Amino acid sequence: MAQVLAHRRTEIRTLVEKLPAEARAALVPALKALTQAAHEMAVDTFDETRPVGA
């Protein structure tokens, strides 16, 4: 699993490095928003319809 994750990070880094600086800078808030959205979509293991923390 660690090897797969390391490979994925390397591939993502390579792609991001190809972006213009302005596009790279825009990734930070976009990734933060995605992380927040993913957190909000997480489900409680005891109740699949209720978001975690609800």
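All figures in this text were calculated on a predicted structure; none of them were measured in a lab.
Under the side chain to side chain donor-acceptor pair (under 3.5 Å) criterion, the residue pairs touching residues 14-37 are Gln36-Glu40, with sequence neighbours excluded.
We find the CZ-CD1 distance between Arg9 and Ile12 to be 8.5 Å, quoted to the nearest 0.5 Å.
Residues meeting the side-chain contact (heavy atoms from CB on, under 4.5 Å) test with Leu27, sequence neighbours left out: Val16, Leu19, Leu31.
Counting non-hydrogen atoms of other residues, nucleotides and ligands closer than 6.0 Å to CD of Glu11 gives a total above 12.
Hydrophobic clustering, defined by side-chain heavy atoms of Ile, Leu, Val, Met, Phe, Trp and Tyr closer than 4.5 Å, leaves Leu15 isolated from every other such residue.
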